[in-house]
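When reading the values below, keep in mind they use all heavy atoms of this one structure, side chains included, and skip hydrogens, waters and symmetry mates.
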Amino acid sequence: MRVLVTGGAGYIGSHTVVSLIEAGHEPVVVDNLSNALRSVLARIAEVAGVTPEFHQVDVRDREAMAGIASSGIDACIHFAALKAVDESIRKPLEYYDNNVRGTIDLLAVLSAAGVRNLVFSSSATVYGDPTELPLREEMPTGRATNPYGWTKIMMEQVLTDLQAAEPEWSITMLRYFNPVGAHPSGLLGEDPRGIPNNLMPYVTRVAAGILPRLRVFGGDYPTRDGTGVRDFVHVQDVAEGHVAALERLSGEPGLHVYNLGTGRGHTVLEVVKTFEEATGKPVPYEIVGRRPGDVAESWADVSKAERELGWRATRDLATMCVDAWRWQENVR
């Protein structure tokens, strides 16, 4: 399939582009490079042996996107979105404009081009502050704790309403939990600008001596060691989940929803300890106040994805840590 990948130069997008190429598909990457580098395309080529078609375009540019969508696209995987919880609290208008409006603009372009197959990069944040664990796909959503989460809820609602109005659409919403790690080649990984918002790149930069210590946000949660619990899943597993959904559900009308995670939660301090044991690198840390918008615990029930997509996460936390560290060493 010829697959339009919005945000395809980003962290999860780039890994998915590699998985698409390895599965025999033809990705067409669209990215405005607001949070990615053009050099990622060369890294994808080095890993996969193919340089994907690339367009530096914002998904809100309907005219430019229309030309791309009409070039024989069979399906779309939509990653393009801003994604930092704390930034969304400070800049809510930017998040609603980029994420919600961007999705509406993209859907209008796809619809005009006759493309009716979409895999959407959603998030476990749509479940809000869990009242029951593990989180299952049929549980209520619409209880976000931050503007980023609300954009994901709104994007899901737009997709749900579109599929109900135009039942020929095949729309798959993948709610993944906490993607971490990097490609085992060390050529692709998470490289945020400034101080990372996500745990693993923060850990690796402290281990590399780039940052003095890890700030652990909250040590008084009602968890086994007082720090937040998350379902960390290897980015390679997440990428393969997108390909599995694409191949299984393209051309099958309906609204399909799946969690992508490991089904197991780890605390922040467990991640630090595992990283130190797996890499031999110390990670000094300090516990500071809770971060606005964070929840205490979150992990997935992933049985539906395994049952219906034939997908499950196969890489453990130690592998996530080793791969993330290999990437960090390569980008120093």
Side-chain angles (χ1 to χ4, degrees), residues 10-23 40 43-44 46-48 77 79 83 119 121-124 134-135 174-192 196 198-205 207 228-248 258-281 283 297-331:
Y11 174 46
I12 303 172
S14 62
H15 285 79
T16 302
V17 168
V18 169
S19 291
L20 286 167
I21 293 170
E22 292 175 343
V40 169
R43 292 175 178 268
I44 290 172
E46 190 171 349
V47 171
I77 302 179
F79 291 106
K83 62 176 183 177
V119 177
S121 167
S122 192
S123 168
L135 290 162
L174 298 180
R175 295 171 181 164
Y176 39 82
F177 281 61
N178 291 75
V180 298
H183 194 273
S185 67
L187 292 170
L188 293 172
E190 189 172 10
D191 189 21
N198 296 332
L199 176 62
M200 190 64 78
Y202 205 150
V203 167
T204 61
R205 289 186 184 183
V229 173
R230 296 292 182 272
D231 188 335
F232 296 96
V233 56
H234 199 294
V235 66
Q236 283 287 104
D237 283 320
V238 173
E240 291 163 9
H242 286 78
V243 176
L246 182 77
E247 293 180 339
R248 170 67 181 83
Y258 299 96
N259 289 334
L260 296 186
T262 64
R264 180 182 178 186
H266 293 280
T267 71
V268 173
L269 294 186
E270 287 169 352
V271 172
V272 171
K273 180 180 179 182
T274 301
F275 182 90
E276 291 180 328
E277 292 175 346
T279 67
K281 298 294 180 179
V283 181
E297 298 181 278
S298 177
W299 70 87
D301 181 330
V302 293
S303 58
K304 183 181 178 185
E306 184 169 359
R307 182 174 66 251
E308 297 185 10
L309 300 180
W311 174 92
R312 65 183 179 89
T314 61
R315 299 159 177 92
D316 63 12
L317 183 60
T319 301
M320 300 176 211
C321 292
V322 169
D323 287 343
W325 177 241
R326 185 184 299 113
W327 159 251
Q328 180 64 61
E329 289 188 299
N330 276 356
V331 298

Requested in this report: State the CD-CG distance between Glu270 and Leu317, to the nearest 0.5 angstrom.
Outcome: 8.5 Å
Query - salt_bridge(Arg315, Glu240) N-O dist < 4.0 Å - result: yes
Query - Spacing of OG1 belonging to Thr279 relative to CD belonging to Gln328, to within rounding of 0.5 Å - result: 11.0 Å
Query raised in the report: Where do Leu187 and Arg326 land on the side-chain contact (heavy atoms from CB on, under 4.5 Å) test, with the steps shown first?
Result: CA-CA 9 Å; Leu187 292 170; Arg326 185 184 299 113; over 6 Å; no
Query raised in the report: If you round to the nearest 0.5 Å, how far is OG of Ser185 from CD of Glu46?
Result: 7.5 Å
Report task. Kindly check if the number of other-residue, nucleotide or ligand heavy atoms within 6.0 Å of NZ (Lys304) is above 12? Result -> yes
Requested in this report: Of all the heavy-atom pairs spanning Tyr11 and Gly181, show the shortest one and how long it is.
Outcome: OH-O, 2.7 Å
Query raised in the report: Is Trp311 reaching over with its side chain to a backbone N or O of Asp237, donor-acceptor style, under 3.5 angstrom?
Result: yes
Query raised in the report: Do the side chains of Met320 and Thr262 get nearer than 4.5 Å, heavy atoms only?
Result: yes
Query raised in the report: Tyr258 and side chain to side chain donor-acceptor pair (under 3.5 Å): which partner among Arg175, Glu306, Glu308?
Result: Glu308
Query raised in the report: Do the non-hydrogen side-chain atoms of Ile77 and Leu20 ever get within less than 4.5 Å of each other?
Result: yes
Query raised in the report: For the residue pair Trp325 and Ala207, what are the closest heavy atoms and their distance?
Result: CZ3-CB, 3.7 Å
**Report entry** Residue pair Leu199, Asn178: steps toward the side-chain contact (heavy atoms from CB on, under 4.5 Å) verdict
**Finding:** CA-CA 9 Å; Leu199 176 62; Asn178 291 75; over 6 Å; no
Report task. Spell out, as yes or no, whether a donor-acceptor pair under 3.5 Å connects the side chain of Trp327 to the backbone of Glu190. Result -> yes
Query raised in the report: When rounded to the nearest 0.5 angstrom, what distance separates NE2 in His234 from OG1 in Thr319?
Result: 6.5 Å
Query raised in the report: If every non-hydrogen atom of Val233 is compared with every non-hydrogen atom of Ala313, which pair is closest and at what distance?
Result: CG2-CB, 4.1 Å
Query - Least distance between heavy atoms, Leu188 atom then Ala182 atom - result: O-CB, 3.2 Å
Query raised in the report: Would a 4.5 Å heavy-atom cut-off, applied to side chains only, mark Arg43 and Ser14 as touching?
Result: no
Requested in this report: Please round to the nearest 0.5 Å and tell me the distance separating atom OG1 of Thr204 and atom CD of Glu329.
Outcome: 10.0 Å
Query - His15-Phe79 aromatic ring centre distance below 6.0 Å - result: no
Query - Side-chain donor/acceptor of Asn259 to backbone N/O of Asp301, under 3.5 Å - result: yes
Report task. Give a yes or no on whether the backbone of Val283 and the side-chain of Glu276 come within a donor-acceptor separation of less than 3.5 Å. Result -> yes
Query raised in the report: Hey, does His266 have a side-chain heavy atom less than 4.5 Å from the side chain of Thr274?
Result: no
Report task. Answer whether the closest heavy-atom distance between the side chains of Phe177 and Arg230 falls below 4.5 Å. Result -> no
Report task. First locate atom CZ of Phe232, then atom OG1 of Thr267, and finally report the distance between them rounded to the nearest 0.5 Å. Result -> 8.5 Å
Report task. Taking the side chain as every heavy atom from C-beta outward, state whether Asn198 and Val180 have any atom pair closer than 4.5 Å. Result -> no
Report summary line: Heavy atoms of Ala300 and Asp231 approach each other most closely as N-OD2, 3.1 Å
Report summary line: Ala23 and Val243 have their tightest heavy-atom pair at CB-CG1, 3.9 Å
**Report entry** Side-chain heavy-atom pair His242, Val238 within 4.5 angstrom cut-off
**Finding:** yes
Query raised in the report: Under 4.5 Å between any side-chain heavy atoms of Cys321 and Met200, yes or no?
Result: yes
